[in-house]
*Asks:* 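Pasting a structure here, questions to come.
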Protein chains: 2
Amino acid sequence: MPATPIAGPAIYAVDPWVRGIPKARHQLLSDDERALLAKISSIVRFKKGETIYQEGDAAEAAFNIISGVVTAYRRLADGDHVSSFVYQGDIFGLSEQGCYTNSAKAATAVVAYKIPLSALRRILEQHADLDIDLIIKLCEGLREAQHHALLLARKHAATRLAMFLELLERLQIARGEPAAEIHLPVGRSSIAAYLGLTPASLSRALRTLTSRKIISSRDLRHIRILDRAAFQKVADTNGAGP
Amino acid sequence: MPATPIAGPAIYAVDPWVRGIPKARHQLLSDDERALLAKISSIVRFKKGETIYQEGDAAEAAFNIISGVVTAYRRLADGDHVSSFVYQGDIFGLSEQGCYTNSAKAATAVVAYKIPLSALRRILEQHADLDIDLIIKLCEGLREAQHHALLLARKHAATRLAMFLELLERLQIARGEPAAEIHLPVGRSSIAAYLGLTPASLSRALRTLTSRKIISSRDLRHIRILDRAAFQKVADTNGAGP
DNA sequence: GCCGCAATTTGATCGCGATCAAGTTCTGCG
DNA sequence: CGCAGAACTTGATCGCGATCAAATTGCGGC
């Protein structure tokens, strides 16, 4: 009975409830676990704009962000595709057959734990608790990737933008930050690359929502939702997937 | 030092090499593990077209496909978005806070293990090996979802189609099936829903590649690649992400 | 604060996929 | 085998985002 691989995100059944006792999403690691990880990992710093690793490099370590934001992306013949914005507490450094499967660069100044893969392997073999927590993190990542695909399937630029702003707001709330205003972690072109739009189209989409008084922006990095009902309508119904 | 959640698929550093000894992707579970799972799970069957569960239902079980193909999708106001086609050996039934996060229906007749979540929890707590295997499966699923997003970021219909056919071929090879011809597991409209196209546009994209002698189709479910070089060009360079 | 460069916005035009509608083929079932 | 309904293909038109280019704004360094 040979089992076989996947055609898609075919996983799951495990989430923060898996252990019966829900953990807050932001507090997956216990103090003991943190101590353990700290012992085997070093702290590294990156300047804004610095490349952390590139697709195809030999993967020797994973990273766990202490502060700052990292952009994970793939370099394509015709420009980059941003696959995610990685925040404080998140793990990144996905590898396949010993090589990184994407590139990563610091969107802001970044401080992170650098965890050698060899050490990580050892830990995982012994520490069942950490396994579970990693599984939970993976499920979150999987859901995020699925959400990204859902977003990209939307036809209208304004809908994609609204879904993205919704996501940022949700994450801000989950992090316990004030959410009256949505903070954009990166510049327009990176957001456009995440949304599958050109910077020009993104700009127009912002303009559309702004002129309809659905959102307003204090500056390039801060957006406020003025008309929640209209906003939801744009995010939900409009711009249908075909 | 509060850690925080994600803005994307922010995971990884773990893959089938994680234990030092690579496992074939299709043989993640040892015989012991299979026996263990078999003991706690029941075998269920679904007829073609039958709904297995729906988004929002209380999640009581995960599934592991023995044979057949399942379509995982989300129901949207304006039509469905297919998030993955799930094959033999894959696990599905992703839940969040006790409810399924997507719907699933049988694309063909399906036989599957049904694994109650309560049992799965117990197993995972005790069986470290299974954890690792689940982590690997999750990483695969995550990569698939990221690939899906990459595909959906492409502008031209023909490029999306070619990337999808490439994926199917890769999976066929991984499963050890002959790959001279690509087998489509589902009908046109499901493929269109996966590609973020209308059935009409998908049909036209097929026509384009066919008339350019890049592919040929024996019938609605079998496609052959005639001109590999041209095919790669369509899949890689053309239809750039913005 | 001022300079220079990069990022963003705006404008005009074009092309591709959506849409709506009408054939055509496939499929299941008596 | 033939029928009925669904799935798929094809056609004509429209709209939105891409594209290319120019104007403007924001930002780092001094």
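Sequence lines set the chain letters: A, B, ... in the order given, protein chains first and strands last, and positions in each chain run from 1.
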*Asks:* Which nucleotide sits closest to the side chain of B/Arg207: D/dT10, D/dG26, C/dG28?
*Replies:* D/dT10

*Asks:* Nearest-Å distance, CG (A/Leu161) to P (D/dG17)?
*Replies:* 11 Å

*Asks:* Would you say the side chain of A/Leu184 lies within less than 4.5 Å of the side chain of A/Ile223, judging by non-hydrogen atoms?
*Replies:*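 Contact flag for A/Ile223/A/Leu184 side chains = yes.
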
*Asks:* Quickly work out the A/Leu195 CG to D/dA18 C1' distance and round it to whole Å.
*Replies:* 15 Å

*Asks:* Between A/Arg170 and A/Glu177, is the closest basic N to carboxylate O distance under 4.0 Å?
*Replies:* no

*Asks:* In whole Å, I'd like the distance from the NZ atom of A/Lys47 to the C1' atom of D/dG28.
*Replies:*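 Atom NZ in A/Lys47 sits about 15 Å away from atom C1' in D/dG28.
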
*Asks:* Any ion pair linking B/Lys105 and B/Glu50 (charged N to carboxylate O, less than 4.0 Å)?
*Replies:* no

*Asks:* Answer whether the closest heavy-atom distance between the side chains of B/Leu138 and A/Cys139 falls below 4.5 Å.
*Replies:* yes

*Asks:* Would you indicate what A/Leu202 reaches in the nucleic acid, counting non-hydrogen atoms under 4.0 angstrom: base, sugar-phosphate, or nothing?
*Replies:* nothing

*Asks:* Considering only NZ, NE, NH1 and NH2 on the basic side and carboxylate oxygens on the acidic side, decide whether A/Arg212 and A/Asp227 come within less than 4.0 Å.
*Replies:*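 No, this pair does not count.
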
*Asks:* Measure from CG on A/Leu197 to C1' on D/dA18 and round the result to the nearest Å.
*Replies:*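 That distance rounds to 10 Å.
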
*Asks:* Which nucleotide, C/dT19, C/dG28, D/dT19, lies nearest any side-chain atom of A/Thr198?
*Replies:*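 Taking heavy atoms from C-beta onward, the closest nucleotide is D/dT19.
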
*Asks:* Of the nucleotides D/dC8, D/dG17, C/dT9, which has the atom closest to the A/His156 side chain?
*Replies:*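 Taking heavy atoms from C-beta onward, the closest nucleotide is D/dG17.
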
*Asks:* Would you classify A/Leu206 as touching base, sugar-phosphate or nothing, given that sugar-phosphate means primed atoms plus P, OP1 and OP2, and contacts are heavy atoms under 4.0 Å?
*Replies:* nothing

*Asks:* What is the bend of the helix from C/dG1-D/dC30 to C/dG30-D/dC1 when you compare the axis at one end with the axis at the other, using five pairs each and rounding to 10°?
*Replies:* 70°

*Asks:* Go through D/dT9, C/dA18, C/dT8 for me and flag the one nearest to the B/Ser201 side chain.
*Replies:*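 For B/Ser201, the side-chain atoms sit closest to C/dA18.
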
*Asks:* How many whole angstroms separate atom NZ of B/Lys155 from atom C1' of D/dC16?
*Replies:* 12 Å

*Asks:* Just so I know, are the side chains of B/Arg188 and B/Leu206 near enough to count as touching, which here means a heavy-atom distance under 4.5 Å?
*Replies:* yes

*Asks:* Checking all strands, does A/Ala205 fall into the base, sugar-phosphate, or nothing category for heavy-atom contacts under 4.0 angstrom?
*Replies:* nothing

*Asks:* With DNA chain D as reference, determine whether B/Arg204 or B/Gly187 sits nearer its 5' end, using the nearest nucleotide of each.
*Replies:* B/Gly187

*Asks:* Run the salt-bridge test on B/Arg74 and B/Glu55 with the 4.0 Å N-O cut-off and return the result as yes or no.
*Replies:* yes

*Asks:* B/Arg154 CZ to C/dG15 P: how many Å, rounded?
*Replies:* 21 Å

*Asks:* What nucleotide, of D/dG28, D/dT10, C/dT9, holds the atom closest to the side chain of B/Ala200?
*Replies:*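 For the B/Ala200 side chain, the nearest candidate turns out to be D/dT10.
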
*Asks:* Measure CZ/B/Arg188 against C1'/C/dT25 and give the value in whole Å, please.
*Replies:*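 Computing the B/Arg188:CZ to C/dT25:C1' distance gives 12 Å.
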
*Asks:* Could you work out which one of D/dT19, D/dG17, C/dT9 sits closest to the side chain of A/Leu220?
*Replies:* C/dT9

